[in-house]
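What follows is a single structure, written as structure tokens, with notes after it.
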Amino acid sequence: MCGRFAFYQEIEPLLDDLGAVDLADPHLRQRWNIPPTTPIYVVTESLGKDTGEVTRALRIARWGLLPPFAKDESFSSRTFNARRETLAEKPSFRGSLGHYRAIVPMDGYYEWVREGRTRKQPYFISPADGSPLYMAALVSWWKGPGGHEGPAASPDGAFLLSATIITRQAEGELARIHDRTPVMLRRDAVDAWLDTGMDDRHAAQEWVLEDSHLLADSTLSVREVDPAVGKVGNDGPELLEGPQRLL
């Protein structure tokens, strides 16, 4: 799964790499301990209704997808991850699969391994070369009661943008840490995932099930990090201190 991650990279290189316009205003601060239901960056593509032009944009969303039928924001505490195997079936996600796909950029994510009866050791999983991770995701513009505020709200407050990170069954070394892992896309697969032309949810389901789009696990590194990351209130680069090994 992916229940905590870090994003501390600079925005401009990210925008340049993805060819995205910056619609994230104001920007989020650098964070090393991001939990569900908080604001995160997402990258989306949308087709202009009048112009027919495609816009790729960096936006801010609430982490935890809010489908149209969600009664309140607390629903997002259960939908911050989505299993790729059942996206087209689950009511919470199938409506976004055909038209509201996204990626979540990050520097790395955390998983915990139990050591003994009480201790859990956190690990930070990130590209060994320091490049960003691009996680396959879905978004939803949730209307709810309207009058939304904060960085994930539309300018008029009518909608709230929300997101979920897609996961898959872990394999190999990653499976020793957790049985699920995010769907980490290769950079050259990002364009196809965001493509508005893939507007059928069943086609999108088939695409995301294909492992050829995934970043190779062998390019990742795993490091033991400070157990203080387990407390949401702790933040800062010191949380990443610890030994590192390649998968």
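Note that the structure is a prediction, hence the values are computed from the model and not measured.
In this structure, His99 contributes its side chain and Ser46 its backbone to no donor-acceptor pair below 3.5 Å. The main-chain N or O of Glu241 is never found under 3.5 Å from a side-chain atom of Asp226 such that the two would form a donor-acceptor pair. The backbone N or O of Trp193 lies less than 3.5 Å from a partner atom in the side chain of Arg101, making a donor-acceptor pair.
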Exercise for review: Begin with the C-alpha distance, continue with both residues' side-chain angles, and end with the deciding distance and a verdict on salt bridge (Lys or Arg N to Asp or Glu O under 4.0 Å) for Arg176 and Asp217.
Suggested key: CA-CA 13 Å; Arg176 298 183 183 183; Asp217 289 350; over 6 Å; no
Exercise for review: Start with the C-alpha distance between Asp107 and Gln30, add both sets of side-chain angles, then the distance that settles side chain to side chain contact (heavy atoms under 4.5 Å, CB included), and finish with yes or no.
Suggested key: CA-CA 11 Å; Asp107 290 279; Gln30 293 176 311; over 6 Å; no
Exercise for review: Step by step, work out the side chain to side chain contact (heavy atoms under 4.5 Å, CB included) result for Ile165 and Tyr109.
Suggested key: CA-CA 12 Å; Ile165 294 173; Tyr109 71 100; over 6 Å; no
Practice item. Could you give me the CA-CA distance, side-chain angles and deciding distance for Leu138 and Leu97, then say whether side chain to side chain contact (heavy atoms under 4.5 Å, CB included) is met? Key: CA-CA 7 Å; Leu138 302 175; Leu97 185 56; 4.0 Å; yes
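Phe159 and Trp141 have perpendicular rings, their planes meeting at more than 60° on a 0 to 90° scale where under 30° would count as parallel. Note on ring orientation: taking the six-membered ring where Trp is involved, the planes of Phe80 and Trp63 are perpendicular (angle over 60°, cut-offs 30° and 60°).
Thr167 and Cys2 make their closest contact through CG2-N, 4.3 Å (heavy atoms, listed as atom of the first residue, atom of the second, distance). Taking each heavy atom of Leu214 and Arg84 in turn, the nearest pair found is CD1-NH1, 4.3 Å.
In this structure, Glu210 places its CD atom where more than 12 heavy-atom neighbours from other residues, nucleotides or ligands lie under 6.0 Å away. Annotation for Arg94: atom CZ counts as buried by contact number, over 12 foreign heavy atoms lying within 6.0 Å. Remark: Tyr100 OH is loosely packed, at most 12 non-hydrogen atoms of other residues, nucleotides or ligands lying under 6.0 Å away. Environment of CD in Glu115: crowded, with over 12 heavy atoms of neighbouring residues, nucleotides or ligands closer than 6.0 Å.
Shown are Leu58, Val139, Val190, Val104; of these, the side-chain contact (heavy atoms from CB on, under 4.5 Å) with Val43 is made only by Leu58.
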